[in-house]
S.K.: 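Quick one: structure below, then a few questions.
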2 protein chains.
Amino acid sequence: MATGRHHRPATSRSRGIPEATVARLPLYLRALMALSERSVPTVSSEELASAAGVNSAKLRKDFSYLGSYGTRGVGYDVEYLVYQISRELGLTQDWPVVIVGIGNLGAALANYGGFASRGFRVAALIDADPALTGKPVAGIPVQHTDELETIISENGVSIGVIATPAGAAQQVCDRLVAAGITSILNFAPTVLSVPEGVDVRKVDLSIELQILAFHEQRKAGEELPGAEEEVDPAPHPVSPPAATVTKRETKRDGRDSNRDSGRGTGRDAKRPDSGPDGDLPAVMPA
Amino acid sequence: MATGRHHRPATSRSRGIPEATVARLPLYLRALMALSERSVPTVSSEELASAAGVNSAKLRKDFSYLGSYGTRGVGYDVEYLVYQISRELGLTQDWPVVIVGIGNLGAALANYGGFASRGFRVAALIDADPALTGKPVAGIPVQHTDELETIISENGVSIGVIATPAGAAQQVCDRLVAAGITSILNFAPTVLSVPEGVDVRKVDLSIELQILAFHEQRKAGEELPGAEEEVDPAPHPVSPPAATVTKRETKRDGRDSNRDSGRGTGRDAKRPDSGPDGDLPAVMPA
DNA sequence: TAGATTGTTAATCGATTAACAATC
DNA sequence: TAGATTGTTAATCGATTAACAATC
């Protein structure tokens with residue numbers, strides 16, 4: 001999930017489109033563009049909702065914030081709606097973006113076709129590694145971090161993508177903001193702190209997997225009714241002020257190993273080679 | 001933003017942790033692991049909330065769903081909380097994952113350190129291109145799509161990552177599900193249809209940028225009070241059943257070009273080389 | 001006109017947050 | 001004990017959705 005912090009309330013002043021609606025407009029747009037390619041002239045809220053994977057009442061409600069672009073008894077004109085949503089999202093103008101951090105992910109982003117096709121133009125690729133400078137990635141020569149401020153001001157860039165390691169992200173962020181960037185898409189696994197007026201959205205690959213793991217675990221436990229119901233019976237294990245010296249013991253005390261009771265038997269395709277109690281990772285990802 | 005569809009209500013039966021809370025647990029975990037690395041013994045809800053970028057009341061409420069793991073007047077024991085959250089998320093066990101589609105993005109994912117460090121293990125890389133078969137990526141030889149079913153059953157994989165082009169995603173998804181996968185992380189820009197009981201989470205790079213663009217556009221318009229307030233004065237432009245032949249006209253009629261009035265003047269760093277009315281993209285991203 | 005489908009209402013649900021009693 | 005901080009309550013807010021009148 002992406003976390004967005006905005007400097008205005010969820011329902012913005014002008015015409016007041018709820019944040020949840022804004023987040024769905026790109027989904028509708030994609031579905032509409034697919035219909036447009038197939039030259040489908042009109043679409044009903046039911047059909048479009050199904051294509052976008054949402055409830056049709058929600059879709060109609062969402063569209064009602066944009067205006068009355070449908071026709072009762074008929075549906076929505078595909079081309080007209082594509083245009084109205086594009087306009088609402090600001091995609092009818094050109095948005096130069098810079099990508100900072102041209103590792104595997106940065107290169108993947110540079111090559112991602114979805115950017116160019118929706119009004120986003122990769123204005124520059126920036127990396128701190130001098131060995132990369134000048135090397136073309138997706139046909140664009142990588143520029144050195146030293147040039148960051150110049151690139152941003154000369155190209156009028158207002159959107160920056162951070163694909164650096166976590167350790168460099170805040171520093172890069174600060175420079176981007178100082179150079180005039182007001183929207184940041186952050187792929188580094190860190191919380192960025194930004195001044196008022198700067199939007200940050202976060203894409204975190206590891207977090208998505210962790211959420212899936214949570215549900216996956218629940219599915220496995222579900223086949224043994226009541227197995228997950230057991231509430232940890234012991235109170236807090238240690239008196240926290242003394243916890244520093246007993247950290248490892250706290251984590252590995254007897255009660256904790258109880259948790260595995262009755263799990264993992266229902267679906268034996270899981271956990272092929274893990275021990276009964278997997279070790280916790282000690283390091284943060286890069 | 002990622003869209004998750006689950007086969008149970010947002011508040012699940014056993015111990016009932018709200019979906020919004022589950023989505024934040026990885027954030028807390030990351031912040032806690034950073035504290036753990038610095039050997040910080042305890043942390044208050046205020047400190048931790050600040051590190052995770054959330055409200056402290058929300059954090060305490062979130063933790064209350066897990067149990068009473070804090071100490072009044074003191075705070076939370078870092079190690080103990082790391083362990084409890086890890087356990088809740090299912091990260092104390094090993095989760096083998098397969099990545100399907102080893103293009104730029106797939107390779108980036110294979111190399112992403114955040115997977116391995118949190119109980120996720122890349123069990124296999126799969127691609128349909130025979131030229132890639134056997135070629136190592138992130139030290140793991142790519143296997144051919146033909147082997148998909150075998151790989152999944154032999155490794156007991158329950159989580160699949162789809163990083164293929166949009167056109168191949170549903171087909172890959174169907175095969176993954178048929179082979180026993182019950183959780184899918186989808187990077188392809190398509191809505192996947194899956195049977196009941198299969199979770200899909202979606203990461204969409206282009207959508208995140210579009211949401212940023214929306215806010216960016218609003219920021220620009222804001223500097224001219226009232227400029228964005230103007231409501232489209234014209235009713236629906238065409239009688240939709242006849243729209244097929246007039247599609248382009250609909251999109252380009254006089255009223256639509258009005259929308260640009262008064263925009264872009266406040267912040268002239270924007271739109272360095274776009275025309276007054278950028279063309280809409282006609283194609284879907286790969 | 002009859003059928004279809006939008007746009008909107010209102011009820012419901014879930015999430016957020018300030019406030020504070022409990023308690024270490 | 002006094003100070004600090006949790007865990008929980010309750011109010012508020014935003015999002016979802018069924019239902020249906022409006023209307024093409």
Side-chain angles (χ1 to χ4, degrees), chain A residues 1 3-6 8-12 16-25 28 41-50 52-78 80-81 84 235-243, chain B residues 1 3-6 8-12 16-25 28 41-50 52-78 80-81 84 235-243:
Chain A
M1 149 228 44
T3 306
R5 280 198 308 286
H6 306 291
R8 88 191 68 245
T11 300
S12 63
I17 302 183
E19 202 54 41
T21 296
V22 172
R24 282 187 295 266
L25 292 180
Y28 301 144
T42 61
V43 66
S44 71
S45 63
E46 201 69 58
E47 292 166 323
L48 185 55
S50 163
V54 304
N55 178 296
S56 72
K58 179 151 58 181
L59 177 142
R60 289 197 300 277
K61 182 91 176 160
D62 285 341
F63 285 178
S64 77
Y65 293 112
L66 309 185
S68 289
Y69 295 149
T71 307
R72 289 173 213 257
V74 177
Y76 298 91
D77 180 274
V78 170
Y80 187 62
L81 203 46
Q84 290 298 344
H236 200 284
V238 290
S239 183
Chain B
M1 170 205 28
T3 306
R5 279 199 308 287
H6 308 290
R8 88 189 71 242
T11 300
S12 63
I17 302 182
E19 201 55 40
T21 296
V22 172
R24 281 186 296 265
L25 292 180
Y28 302 144
T42 60
V43 67
S44 71
S45 63
E46 201 68 59
E47 292 167 323
L48 186 55
S50 163
V54 303
N55 177 296
S56 72
K58 180 151 58 179
L59 177 142
R60 289 197 300 277
K61 180 91 176 162
D62 284 342
F63 286 178
S64 76
Y65 293 112
L66 309 183
S68 290
Y69 295 148
T71 307
R72 290 161 136 100
V74 178
Y76 299 91
D77 180 274
V78 170
Y80 187 61
L81 203 47
Q84 291 298 343
H236 199 286
V238 290
S239 185

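Proteins get letters first, then strands, A, B, ... in listed order; numbering begins at 1 in each.
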S.K.: Answer yes or no: is there a side-chain heavy-atom contact under 4.5 Å between B/L48 and B/L81?
M.R.: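 SC-SC contact between B/L48 and B/L81 confirmed.
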
S.K.: At their closest point, which heavy atom of A/L25 faces which heavy atom of A/L66, and how far apart are they?
M.R.: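 Closest approach of A/L25 to A/L66: CD2-CD1, 4.0 Å.
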
S.K.: Tell me whether the OP1 or OP2 atom of C/dA4 has a side-chain N or O from A/Y76 closer than 4.0 Å.
M.R.: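 No, no such contact exists.
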
S.K.: Looking at B/G16 and B/Y65, what are the two nearest heavy atoms and their distance?
M.R.: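 Between these two residues, the closest heavy atoms are O-CD2, 3.9 Å.
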
S.K.: Report the distance from atom CD1 of B/I17 to atom P of C/dA15, rounded to the nearest whole Å.
M.R.: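 Atom-to-atom, B/I17 to C/dA15, this comes out as 12 Å.
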
S.K.: Could you state the interatomic distance from OG (B/S50) to CG (B/N55), rounded to the nearest 0.5 Å?
M.R.: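 Going from the OG atom of B/S50 to the CG atom of B/N55 covers 11.5 Å.
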
S.K.: With sequence neighbours excluded, tell me which residues meet ring pair (Phe, Tyr, Trp, His ring centres under 6.0 Å) with B/F63.
M.R.: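 Testing B/F63 for ring pair (Phe, Tyr, Trp, His ring centres under 6.0 Å), a comparison that skips the adjacent residues, returns B/Y28, B/Y76.
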
S.K.: Base contacts versus sugar-phosphate-only contacts with protein, heavy atoms under 4.0 Å: please encode nucleotides 16-23 of chain D as B, S and - from 5' to 3'.
M.R.: SBBB-BBB

S.K.: Quickly work out the B/L48 CG to D/dT5 P distance and round it to whole Å.
M.R.: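 One finds 13 Å between P of D/dT5 and CG of B/L48, rounded.
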
S.K.: At their closest point, which heavy atom of A/S45 faces which heavy atom of A/S56, and how far apart are they?
M.R.: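 Distance-wise, the nearest heavy atoms are O-CB, 3.8 Å.
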
S.K.: According to side chain to side chain donor-acceptor pair (under 3.5 Å), who are the partners of A/T21, at least two apart in sequence or on a separate chain?
M.R.: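 Residues passing side chain to side chain donor-acceptor pair (under 3.5 Å) with A/T21: A/D62.
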
S.K.: With sequence neighbours left out, what residues match A/S44 under side chain to side chain contact (heavy atoms under 4.5 Å, CB included)?
M.R.: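 Testing A/S44 for side chain to side chain contact (heavy atoms under 4.5 Å, CB included), a comparison that skips the adjacent residues, returns A/E46, A/E47.
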
S.K.: Does a side-chain N or O from A/T71 land closer than 4.0 Å to OP1 or OP2 of C/dT6, or not?
M.R.: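 Negative; the distance criterion is not met.
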
S.K.: Using a 3.5 Å cut-off on both pairing distances, which stems of three or more Watson-Crick or G-U pairs include DNA chain C?
M.R.: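 Result, WC/G-U stems under 3.5 Å: C:3-24 with D:3-24.
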
S.K.: Whole Å only: how far is the CD atom of B/E46 from the C1' atom of D/dG7?
M.R.: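 Taking atom C1' of D/dG7 as the reference, CD of B/E46 is at 15 Å.
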
